[in-house]
Amino acid sequence: MPPHKIETGHQDVVHDVAMDYYGKRIATASSDSTIKIVGISGTTHQQLATLNGHQGPVWQVAWAHPKFGSMLASCSYDGRVIIWKEGSKPEEWVQAHMFTEHKSSVNSIAWAPHELGLCLACGSSDGNISVFITRADGVWDTTRIDQAHPVGVTSVSWAPAMAPGALITTGPSGQFEYVQKLASGGCDNTVKVWKLTNGSWRMDCFPALQMHKDWMRDVAWAPNLGFPKSTIASASQDGRMELL
């Protein structure tokens, strides 16, 4: 596809852009406190919707897997995380849920692999990570990693659902078990790995990975693809990128 310019209609800086699973729509997040939904078809595009609900700059947007319907998450400087659902028309979006657990800017959001269910991790400047997951009755349960990075969490990324070196892991009962791990980066210059065990999140690497000399700006867990070990990429304000 040849490159082409897309006019988002935002009135301020665009901080993030995310393309949906099918590559037909993009969502953009901006300091103007709005989210824009744009439809893409070849070299043409169409403004579909403007989502209003945040009261500060919107840092990130993330599409849920389509098995859960047309759903988008957003996080903002206002400390809110909003789950948006598409209505019967492309221009109709509603707030399905708003999380206000964080007391400071929510800087990063990431949907878990779809095998784990509808599950969203959020990292905040208050130092905490929250993980929201829906039950069968539609109610959201919350688990927390308190003071994951005491001076602020800047980024979160989920591990692949499948364990390294295997298509899937089998537990003691013989049932299939998926990996439930998170990587996080923070203003303490470290990357930490967390694992969900018996309903609680615990650090899975000791000590924390300290490969950088300044704030972490992003972490990304590589897809499994049958590799024998996990790989995490980290990007820092020190100008360096590391593979961990």
Side-chain angles (χ1 to χ4, degrees), residues 12-16 18 27-35 51-62 64 71-85 94-112 118-135 138-158 180-197 199-204 208-210 212 214-220 234-237:
D12 208 330
V13 176
V14 175
H15 295 287
D16 193 29
T28 56
S30 171
S31 275
D32 65 9
S33 303
T34 71
I35 298 152
L51 311 186
N52 295 283
H54 287 291
Q55 297 179 359
V58 185
W59 301 132
Q60 282 191 355
V61 285
M71 190 176 299
L72 185 75
S74 60
C75 65
S76 168
Y77 180 81
D78 63 11
R80 299 174 179 179
V81 175
I82 300 178
I83 307 296
W84 309 84
K85 292 187 73 172
V94 298
Q95 291 186 25
H97 202 86
M98 179 186 294
F99 301 106
T100 57
E101 279 78 356
H102 290 285
K103 305 306 179 186
S104 190
S105 174
V106 180
N107 304 315
S108 182
I109 50 175
W111 289 106
L118 189 61
C119 181
L120 184 72
C122 314
S124 171
S125 290
D126 63 14
N128 304 324
I129 296 171
S130 55
V131 181
F132 305 109
I133 186 168
T134 50
R135 302 196 312 236
V139 175
W140 291 83
D141 288 331
T142 306
T143 57
R144 291 169 59 91
I145 307 174
D146 290 322
Q147 295 301 284
H149 299 267
V151 288
V153 183
T154 58
S155 51
V156 289
S157 178
W158 286 89
Q180 297 188 61
K181 289 185 179 183
L182 277 171
S184 63
C187 299
D188 55 5
N189 309 346
T190 69
V191 174
K192 296 181 180 179
V193 177
W194 310 90
K195 183 177 181 180
L196 185 64
T197 305
S200 298
W201 291 94
R202 308 290 185 191
M203 274 191 66
D204 196 49
L209 304 172
Q210 190 157 3
H212 293 280
D214 208 336
W215 289 12
M216 302 303 308
R217 285 303 181 187
D218 202 9
V219 291
S234 63
S236 168
Q237 195 163 303

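In what follows, every heavy atom counts, from backbone to side chain, and hydrogens, waters and symmetry copies are set aside.
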query = In terms of side-chain heavy atoms, does Asn107 have a donor or acceptor partner in Ser125 at a distance below 3.5 Å?
reply = yes
task = If the plane angle is over 60° it's perpendicular, under 30° parallel, otherwise tilted; pick one for His149 and Trp194.
result = perpendicular
note = When every non-hydrogen atom of Cys122 is compared with those of Val106, the smallest separation belongs to CB-CG1, 4.0 Å
request  = Kindly indicate whether the side chain of Lys195, heavy atoms from C-beta on, has any atom under 4.5 Å from the side chain of Lys181.
outcome  = yes
request  = Can you sort out the partners of Asn52 under side-chain hydrogen bond (donor to acceptor under 3.5 Å, both in side chains), two or more places apart, ordered by chain and number?
outcome  = none
ask   = In Å and rounded to the nearest 0.5 Å, what is the OG to CD1 distance from Ser155 to Ile129?
value = 8.5 Å
ask   = Any chance CZ of Phe132 has more than 12 other-residue heavy atoms, nucleotides or ligands included, within less than 6.0 Å?
value = yes
Thr143 backbone acceptor or donor facing Trp201 side chain under 3.5 Å = no
request  = Side-chain contact test, heavy atoms from C-beta onward, threshold under 4.5 Å: evaluate it for Ile35 versus Trp84 and give yes or no.
outcome  = yes
inquiry  = Main chain of Gly79, side chain of Ser105: is a donor-acceptor contact present, judged purely on distance under 3.5 Å?
reply    = no
key: Side-chain touch Ile109/Trp59, heavy atoms, less than 4.5 angstrom   = no
request  = Could you tell me the separation between the NZ atom of Lys103 and the CG atom of Asp126, rounded to the nearest 0.5 Å?
outcome  = 9.0 Å
key: Side chain to side chain, Asp214 and His212, heavy atoms closer than 4.5 Å   = no
inquiry  = Can you confirm whether the side chains of Trp215 and Thr154 place a donor and an acceptor under 3.5 Å from each other?
reply    = no
request  = Taking Asp16 for its side chain and Val61 for its backbone only, find out whether a donor-acceptor pair lies under 3.5 Å.
outcome  = yes
query = Can any side-chain N or O of Ser33 pair as donor or acceptor with the backbone N or O of Gly56 at less than 3.5 Å?
reply = yes
key: Under 3.5 Å: donor-acceptor pair, side chain of Thr190, backbone of Leu209   = no
